[in-house]
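Counting starts at 1 for both ligands and their atoms, following the listed order.
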Amino acid sequence: MGRARMTWIGTSWKMNKTLAEARAFVDGLVAARSALDGVRAFVIPAHTAIAAVRERLPADVPVLIGAQNAHWEPAGAYTGEVSMGMIADVGATLVEIGHSERRQHFGETDETVALKVAAAVAAGLTPLLCVGEPAGVRAAGGETDWVAGQVSRGLSRLATPDLHKVVVAYEPVWAIGDLGREAQPYEIAPVMEMLSARFRPAAVLYGGSVNRRNAAALLGVPGTDGLFVGRAAWDVAEFIELVRIAACACHEGRADAR
Ligand code: PEP
């Protein structure tokens with residue numbers, strides 16, 4: 001059976017890339033334009049580069065643009081913040097919410113995440129709700145309950161009919177970034193299964209040390225609608241390689257998800 005939905009494949013640049021670097025990445029996307037058909041690709045620049053990416057990206061190149069964070073209030077005395085409406089205004093259609101780095105370094109809580117998810121939907125944006133357990137919770141075998149709780153609380157201010165407007169990214173904290181350990185398909189399978197069973201029709205992505213070597217196997221985990229990639233996709237050629245892997249149906253059912 002083929003996938004019912006297009007595979008998502010996207011990257012957040014975190015606090016990286018000048019305007020020149022952002023534009024060069026877009027030029028690489030345009031050069032590989034034909035590879036982008038058949039996937040739901042997205043790029044999430046730093047706030048400073050969103051408008052430049054939007055302006056550089058031709059309208060017929062199918063890549064969604066996101067923001068890495070935005071405040072839940074529409075306007076006001078919130079120095080240093082930007083609103084959902086502001087990021088929509090500069091061309092984002094997606095907004096990352098609750099990444100573990102924001103939870104760890106910037107005091108993001110399930111309550112602020114819930115406020116932001118609701119504000120994003122109200123502003124017509126797609127919230128990309130990031131969840132994932134720390135290493136200690138995984139060691140104790142509590143990951144499925146932990147992640148289910150994070151998603152339930154993150155969606156608590158949203159009406160159920162709006163679930164199809166949400167994308168959930170499962171990103172175990174121990175698998176993310178330079179110190180992260182690559183997850184094996186069997187390690188993430190129970191959580192992906194729980195997410196797709198409980199929170200459909202939200203799309204469910206996996207993220208954490210994804211790269212061209214492990215992407216196909218991770219995409220083969222049942223319930224996985226796509227991948228959210230950091231470091232391995234910051235070079236546009238590598239991003240396009242991941243796009244090609246995501247576009248290929250050959251990963252279906254291949255992973256050993258036991
Ligand atoms: C992330 O931080 O969301 C992420 C997936 O990073 P990386 O792929 O670099 O582990």
Cut-off 3.5 Å, side chains only: do Asn214 and Gln184 have a donor facing an acceptor? no
Using distance alone, decide if ligand 1 has a nitrogen or oxygen within less than 3.5 Å of any nitrogen or oxygen in Gly208. no
Relative to the heavy atoms of Phe228, which atoms of ligand 1 are at a distance of less than 4.0 Å? 5 (C)
When you check the side-chain N and O atoms of Ser100 and Gln104, is any donor under 3.5 Å from an acceptor? no
So the atoms of ligand 1 within less than 4.0 Å of a heavy atom of Arg231 turn out to be 7 (P), 8 (O), 9 (O), 10 (O)
According to the interplanar angle, ranging from 0 to 90°, do the rings of Phe42 and Trp8 count as parallel (below 30°), tilted (30 to 60°) or perpendicular (above 60°)? perpendicular
For Glu101, look at atom CD and say whether over 12 heavy atoms of other residues, nucleotides or ligands are found less than 6.0 Å away. yes
Give the atoms of ligand 1, by number and element, whose distance to some non-hydrogen atom of Glu171 is under 4.0 Å. 1 (C), 3 (O), 4 (C), 5 (C)
Near Gly177, which atoms of ligand 1 are under 4.0 Å from a heavy atom of that residue? 7 (P), 10 (O)
Regarding ligand 1, does Gly230 bring an N or O atom to under 3.5 Å of one of the ligand's N or O atoms? yes
Residue-ligand contact Ala232/ligand 1, heavy atom below 4.0 Å: no
Within-shell test, Ser209 vs ligand 1, heavy atom, strictly < 4.0 Å: yes
Residue and atom name of the nearest protein heavy atom (relative to atom 1 (C) of ligand 1), distance in Å to one decimal: His99 NE2, 3.2 Å
Of all the atoms in ligand 1, which lie at a distance below 4.0 Å from a heavy atom belonging to Lys14? 1 (C), 2 (O), 6 (O)
Among Arg103, Arg153, His99, side-chain contact (heavy atoms from CB on, under 4.5 Å) partner for Val131: Arg103
Residue pair Glu21 / Trp13, side-chain donor-acceptor N/O under 3.5 Å: no
Do the two ring centres, one from Phe228 and one from Tyr170, sit under 6.0 Å apart? no
